[in-house]
There are 2 protein chains.
Amino acid sequence: MDSQSKNVNRLSALPPALAEAAAGRRLAKRERTRRQVIAAAIGVLTQRGSALATMQEIAAAADVAPATLYNHFRTKDDLLQGVALHVAETLCRRIAESYAHVRDAAERMAIGNRRYIWLAEQSPGWALLVLDIGLAVPPLAQRVTQDARADLRLGLKQKRFRVASEAAAMDLISGTVSQAMRSVALGLAPARHDVAVAATVLRGLGMAADEALALARRPLPEFPAAG
Amino acid sequence: MDSQSKNVNRLSALPPALAEAAAGRRLAKRERTRRQVIAAAIGVLTQRGSALATMQEIAAAADVAPATLYNHFRTKDDLLQGVALHVAETLCRRIAESYAHVRDAAERMAIGNRRYIWLAEQSPGWALLVLDIGLAVPPLAQRVTQDARADLRLGLKQKRFRVASEAAAMDLISGTVSQAMRSVALGLAPARHDVAVAATVLRGLGMAADEALALARRPLPEFPAAG
């Protein structure tokens, strides 16, 4: 039952690469408070898990009164949903931007899949939290799979992929990558698991073994720190 | 947050095909009580989810005193682990028995994967519970993936599969099948999703598209009700 606590020494909040630029942006006070609460919630949720973390702990960590917290999020479910959507939006936008210049759908697919697995390696506690919340929040799952679905459709149009059904291909992509993030976050995966998993997914999408592996081995485009 | 409650009308406890023979077996009283508690816990957990169900509710549903419940399971975590392992043991044994006569590893893999997805269609609430508990209980995940790992290794020996790495292949199998069970249980999957998913997994394991689809389309061997 305690798979998260085993990772307590490796826990960190947001992956450094996803940390947000704090300075240089002027936000309305309400929005600033909301972001402060979400940042604190990510820290508490990562350490305590979504089942155990309380609204009181999160208010204390955010240095706001409980009434202020409830003014932004009526219930713990609202807060989890807010955190999940904020994380998904930040994460998906940054990852999609990092490979916006790549035209080949197969290469786009490999980069996206490897990047999620890389994030799980950078920040295991954060990855387990995202997987935990993601399962409970359908809008998060929808947002996170939206870019993969676009790349899948592009690959079918480019005749790079050939699949039994789009629904099965989507379950292959999101299921395999989630499971690989979990394996990496729990310390169960071998080195270069991201490459092997990306190649395996490309094969499941109908590519030849050698081409899939060669594509999955290409250097990842840069993922610049937020700034 | 509420994905389970949307399915409340489709909830059922154990899939009928997994129901256990109640009569005809003599068990020691302690073991009988334990099974009675586990059966009641499955019902309560399926309806309330593992986060909300309380030990009090489970004791009441099992018609035992709370002290008796705590005599069998010291904590809620112990109980969840007990339920998970009981379900995994029953489930995996029955599924493995149903295709014990099949020699070809590729066909064994397709049957096993389709059978899990079939169970999610039969009993959506039960499937969501298994996925929910399974994530939190590493011994369950290990037990459930043990037969797939054996079939994967057999398929490599029989030269039916060719994979980038065993770890990536296992993440492919368990990730894709879990995600497909979730899609089916949530009512999001098209008809014959089990066939498309099994074919997609076989392709990810290195088989040619046509052969993968032909294998995945074969009639499933019988899955006799417990009796």
Side-chain angles (χ1 to χ4, degrees), chain A residues 1-4 6 50-51 75-78 80-81 84 128 131-133 135-138 141 162-184 186 188-190 192-207 209 212-213 216, chain B residues 1-4 6 49-51 75-78 80-81 84 131-133 135-138 141 162-184 186 188-190 192-207 209 212-213 216:
Chain A
M1 305 309 321
D2 223 358
S3 59
Q4 294 207 339
K6 282 183 201 139
S50 64
T75 64
K76 188 173 149 188
D77 274 8
D78 281 350
L80 286 180
Q81 182 129 359
L128 293 172
L131 293 167
D132 175 19
I133 300 187
L135 298 170
V137 180
R162 184 184 152 206
V163 303
S165 85
E166 182 179 305
M170 285 306 301
D171 281 350
L172 169 83
I173 299 164
S174 65
T176 306
V177 174
S178 300
Q179 188 61 42
M181 289 176 72
R182 195 178 304 278
S183 299
V184 165
L186 294 173
L188 302 172
R192 306 219 69 193
H193 195 50
D194 61 325
V195 170
V197 168
T200 302
V201 168
L202 291 179
R203 294 181 71 185
L205 298 177
M207 296 188 75
L213 197 55
Chain B
M1 307 308 319
D2 224 357
S3 60
Q4 294 206 339
K6 282 180 203 144
S50 63
T75 63
K76 188 173 150 189
D77 274 8
D78 281 350
L80 286 180
Q81 181 129 358
L131 293 168
D132 174 18
I133 301 187
L135 297 171
V137 180
R162 182 185 154 206
V163 303
S165 85
E166 183 180 304
M170 285 305 301
D171 282 350
L172 169 84
I173 300 163
S174 66
T176 306
V177 174
S178 300
Q179 188 63 40
M181 288 176 73
R182 195 177 303 278
S183 299
V184 165
L186 294 172
L188 303 172
R192 305 216 71 194
H193 195 50
D194 61 326
V195 170
V197 168
T200 303
V201 168
L202 291 179
R203 294 180 72 185
L205 298 178
M207 296 188 76
L213 198 55

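A, B, ... follow the sequence lines: proteins, then strands. Residue 1 opens every chain.
Arg192(A) meets the side-chain hydrogen bond (donor to acceptor under 3.5 Å, both in side chains) test with no other residue; sequence neighbours excluded. Partners of Ala167(B) by side chain to side chain contact (heavy atoms under 4.5 Å, CB included), not counting sequence neighbours, listed by chain and number: Pro190(A), His193(A), Ser165(B).
Nearest heavy-atom pair across Thr200(B) and Ala168(A) is OG1-CB, 3.6 Å. Between Ala164(B) and Ala196(A), the closest heavy-atom pair is CB-O, 4.0 Å.
Checked against Arg203(B) for a side-chain contact (heavy atoms from CB on, under 4.5 Å), the options Met207(A), Arg162(A), Arg203(A) give a single hit: Arg162(A).
Between chain B and the residues Leu172(A), Ile173(A), Asp171(A), the largest count of heavy-atom pairs under 4.5 Å involves Asp171(A).
Heavy atoms of Ala189(A) lying under 4.5 Å from chain B are absent altogether.
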